[in-house]
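Worksheet for the structure shown next.
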Amino acid sequence: MSKVSVRDLPVEGRRVLVRVDYNVPLLERDGEILVADDTRIRQTIPTLEYLISRGAKIILASHLGRPKGKRKPSESLRPIAARLAQLLGKEIQFVEDCVGPQAERAAHSLAPGQILLLENTRFHPGEEANDPEFSRALARLADVYVNDAFAAAHRAHASTEGVAHWIAERGIGLLMEKELRFLGEELSNPARPFLVLLGGAKVSDKIGVVKRLLEKADVLAVGGAMAYTFLVAQGQEVGSSRVELDQVEIASDCLRKARERSVEFLLPQDHYIVETVDFSKRETSPGRYTLPGEPIPQGWKGVDIGPATVEAFRKVIGVARTVFWNGPMGIFEISSCAKGTLAIAQALAQANHAVTIVGGGDSVAALQEAGVADRITFVSTGGGASLEFLEGKQLPGLVCIPDRPS
Ligand code: ADP
Ligand code: MG
């Protein structure tokens, strides 16, 4: 079911409140606060250019950080106005509150094509509480509401959900549309073979996605810490690798379901193992690779996939027509444990014949570190939101937008 899009809405000459996700990292240089990574800002440009070309009066709302309902100068959106102005080559007005008389005056005096950025919505406790009064105050700024903040769509906050109840004309932005096309349409009707590659920290975080994608995938390959719970379910020795004992039975269920559905289920055959990991110093004790099939000795833990596993995963990536990847293959924050993850990122970048889709905060960071993000078909902007969407959960930021009449 597709949602009403900004392209379906009457925006000409109207005040359009666009919820974007400008929750970007900042840095301080010579006393000035700058945007450290403007990816999220750049991703909203298509929606903004569309609205400018249609003569809309554009009002942008976003949260930044976790100010917890209080005004916190270090989490002001003002530096983002400066960066957005550079990117668009256009003046961006900024107002020091997102609701109230000052914001209303600024919104009501916009000319067609002009852009106003509001201050951090989370400076008000009403934002995260999804307070109806605060939602109404936001709604007073505009005639039309556009939600383009996919990464925040799994939260029912005032600017992502509540405000929609007070504005009749509403739709999703072009970034949100793209997310739904790739995570929704492409993955529900994938070109085959369809490979799902999962890793990361916890089975419990990802089990919903595993179950759901087991129904779609032809091949499921699991690495990262998650893999050890599955290996224990297969009765293998994993030393002191990270295992979630309360998930072992669920992992067995998944393995059985995969057999029943003839889904090929690949787990690591070899590992990079160490005795201790020091996260704060980003180092480990000296490590070594196990041989394929060799059990992990007592006192040692798996922190990356080994070369035989990389080869096996590369092989299935090489023949897949659709690949979805979420979750690093090892503790990629520590360079000695990053080889497996970076090799998988490279393999995805080389899979020219396949639609490649990557989601998850750390996975996207790994792509960037490998320098291959621009060679992936679609990199999702949603961390938690992408996973919840793939699990089949209803995202409040989407539910509040009407379906497009068929
Ligand atoms: P994403 O953000 O892409 O969804 P996750 O947050 O699920 O990914 O997982 C990333 C985390 O998993 C990283 O911090 C990484 O260090 C950790 N991780 C991956 N493999 C292992 C492992 N073998 N042992 C411990 N932690 C691991
Ligand atoms: Mg993460």
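All figures in this text were calculated on a predicted structure; none of them were measured in a lab. Both ligands and their constituent atoms are indexed starting at 1 by order of listing.
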Residue, atom name and distance, where the atom is the protein heavy atom closest to atom 26 (N) of ligand 1: I331 CG1, 3.6 Å
Mutual orientation of the aromatic rings belonging to F230 and F265 [parallel < 30°, tilted 30-60°, perpendicular > 60°]: tilted
Distance-only N or O hit between ligand 1 and F279, under 3.5 Å: no
Protein residue, atom and distance nearest to atom 6 (O) of ligand 1, heavy-atom basis: D362 OD2, 3.0 Å
Distance from atom 12 (O) of ligand 1 to nearest protein heavy atom, with residue and atom: A201 N, 3.2 Å
Tally of protein N, O or S atoms, where distance to the Mg ion (ligand 2) is under 2.8 Å: 1
E333 N/O to ligand 1 N/O under 3.5 Å: yes
For E127, the option from K70, R155, R19, R66 that meets salt bridge (Lys or Arg N to Asp or Glu O under 4.0 Å): R19
Residue G224 vicinity, atoms of ligand 1 by number, heavy atom under 4.0 Å: 20 (N), 23 (N)
Shortest reach to atom 3 (O) of ligand 1 by a heavy atom, considering only S241, P328, S363: S363
Minimum-distance pair of heavy atoms, taken over all atoms of G359 and F324: N-CE1, 4.0 Å
Minimum heavy-atom distance L174-T47, with the two atoms named: N-OG1, 2.9 Å
Heteroatom distance test (N326, ligand 1): nitrogen or oxygen, under 3.5 angstrom: yes
Any D205 heavy atom less than 4.0 Å to ligand 1: no
Closest heavy-atom pair and its distance - D97, L118: O-CD2, 4.1 Å
Set of residues satisfying side chain to side chain contact (heavy atoms under 4.5 Å, CB included) with respect to D278, sequence neighbours excluded: S280, K281, E283
R282 atom CZ: more than 12 heavy-atom contacts under 6.0 Å: no
Option passing side-chain contact (heavy atoms from CB on, under 4.5 Å) with L197 (candidates V222, L348, L220, T356): L348
Protein contact of atom 7 (O) of ligand 1 - nearest heavy atom, named by residue and atom, plus distance: K206 NZ, 2.6 Å
Ion pair E244/K202, N-O distance below 4.0 Å: no
Identity and distance of the protein heavy atom lying nearest atom 21 (C) of ligand 1: A225 N, 3.3 Å
Which segment of V303 sits under 4.0 Å of ligand 1 when only heavy atoms are counted: backbone
Minimal non-hydrogen separation, L84 against I41, with atom names: CD1-CG2, 3.8 Å
Identity and separation of the nearest protein heavy atom to atom 18 (N) of ligand 1: G330 O, 3.8 Å
K216 to R192 - nearest heavy-atom pair and separation: O-NH1, 2.8 Å
Side-chain H-bond candidate by donor/acceptor type, Q86 with R83, under 3.5 Å: yes
Distance, nearest 0.5 Å, that separates OG1 of T121 from CZ of F123: 9.5 Å
Check: Y228 N/O within less than 3.5 Å of ligand 1 N/O: no
Ligand 1 contacted by G302 (non-hydrogen, < 4.0 Å): yes
